[in-house]
Amino acid sequence: MYDFTPADPNDKPALYRDLADAVAAITLGEPDAVANMANCAALMGEFLPDLNWAGFYRVIDGELVLGPFVGRPACIRIPFGKGVCGTAAAEARTMLVDDVHTFPGHIACDAASRSELVVPVLKDGAVIAVIDLDSPSPARFDEIDREGVETIARILAELF
Ligand code: SME
């Protein structure tokens, strides 16, 4: 059994340090990307409060395809440039959206989602996946979340 628990869930920078440590530990020596994404999605779902979806889309043949996640069933394929995920992939940059209802072309996989953070996973300068976090609360994500999830993306990029 793996039992990772954040030291102090109310200290957000510490929470992300503990999450990054847990992701590094559970993926250590494991080359299978699906297994690593699955455990990472589970850890994000356990560590990060107020989420209704946490997971991955992978870049396959020039589009995003649903990967391991925790949350409700989601749309399977997203073209580059479409929605928050497709925009993050096309522009190879993090998207932090306080209110998804105001984002042109937002793809509503779960009507409960109100804010969203999407971080590209970059390997040798190319986007190979995105990490997607959704919350039912508006403006759930801030710069600490952005930095924390970008750190996780860098850890995972080494494993793909
Ligand atoms: N809302 C995303 C689609 C993926 S789901 O949130 C899981 C988007 O607009 O890209």
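Atoms within each ligand, like the ligands themselves, are counted from 1 in listed order.
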**Student:** What do you reckon, does G83 have a nitrogen or oxygen under 3.5 Å from a nitrogen or oxygen of ligand 1?
**Tutor:**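 There is no such contact.
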
**Student:** Looking only at distance, does V84 have an N or O less than 3.5 Å from an N or O of ligand 1?
**Tutor:**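 Looking only at distances, the answer is yes, because the N/O contact criterion of under 3.5 Å is met.
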
**Student:** So if you build clusters from Ile, Leu, Val, Met, Phe, Trp, Tyr with side-chain heavy-atom gaps below 4.5 Å, do V97 and F56 land together?
**Tutor:**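 Different hydrophobic clusters.
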
**Student:** What residue and heavy atom of the protein are closest to atom 10 (O) of ligand 1, and at what distance?
**Tutor:** C85 N, 2.8 Å

**Student:** Students should be able to answer this: which protein heavy-atom is nearest to atom 6 (O) of ligand 1, and at what distance?
**Tutor:**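 Ranking protein heavy atoms by distance from atom 6 (O) of ligand 1, first comes D134 OD2, 2.7 Å.
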
**Student:** May I ask you to say whether R140 pairs ionically with D145, meaning some side-chain N is under 4.0 Å from a carboxylate O?
**Tutor:**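 Salt bridge present between R140 and D145.
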
**Student:** Does atom NZ (K82) have a neighbourhood of more than 12 heavy atoms from anything else shown, all under 6.0 Å?
**Tutor:**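 Open.
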
**Student:** Between C109 and ligand 1, which residue portion shows a heavy-atom distance shorter than 4.0 Å: side chain, backbone, both, or neither?
**Tutor:** side chain

**Student:** Indicate yes or no: does an N/O atom of Y57 lie under 3.5 Å from an N/O atom of ligand 1?
**Tutor:** no

**Student:** Could you go through the side-chain contact (heavy atoms from CB on, under 4.5 Å) check for F4 and L43 one step at a time?
**Tutor:** CA-CA 8 Å; F4 296 107; L43 284 168; 3.6 Å; yes

**Student:** Which residue owns the protein heavy atom closest to atom 2 (C) of ligand 1, what's the atom, and how far is it?
**Tutor:**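 So the nearest neighbour among protein heavy atoms is E116 OE2, 3.1 Å.
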
**Student:** Examine W53 and L48 and state if one hydrophobic cluster contains both, with Ile, Leu, Val, Met, Phe, Trp and Tyr joined whenever side-chain heavy atoms are less than 4.5 Å apart.
**Tutor:** no

**Student:** Looking only at protein heavy atoms, identify the closest one to atom 4 (C) of ligand 1 and say how far it is in Å.
**Tutor:**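 Nearest protein contact, heavy atoms only, for atom 4 (C) of ligand 1 is D132 OD2, 3.4 Å.
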
**Student:** Output yes when a side-chain donor or acceptor of R58 lies under 3.5 Å from a complementary backbone atom of L66, and no otherwise.
**Tutor:** yes

**Student:** Run the salt-bridge test on R114 and D134 with the 4.0 Å N-O cut-off and return the result as yes or no.
**Tutor:**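 Result for this pair is no, no salt bridge flagged.
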
**Student:** Please check whether W53 reaches ligand 1 - meaning an N/O of the residue sits under 3.5 Å from an N/O of the ligand, judged on distance alone.
**Tutor:** no

**Student:** Who gets closest to atom 3 (C) of ligand 1 by heavy atom: V97, I107, L66?
**Tutor:**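 Comparing heavy atoms across V97, I107, L66, the nearest one to atom 3 (C) of ligand 1 lies in I107.
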
**Student:** Do V70 and M44 share a hydrophobic cluster, counting only Ile, Leu, Val, Met, Phe, Trp and Tyr and linking them when any side-chain heavy atoms are less than 4.5 Å apart?
**Tutor:** no

**Student:** Should the proximity of T87 to ligand 1, defined as any heavy atom under 4.0 Å, be assigned to the side chain, the backbone, both, or neither?
**Tutor:**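 Answer for T87: neither.
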
**Student:** Show me which atoms of ligand 1 lie under 4.0 Å from any heavy atom of H106.
**Tutor:**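 So the answer, numbered in order with elements, is 1 (N), 9 (O).
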
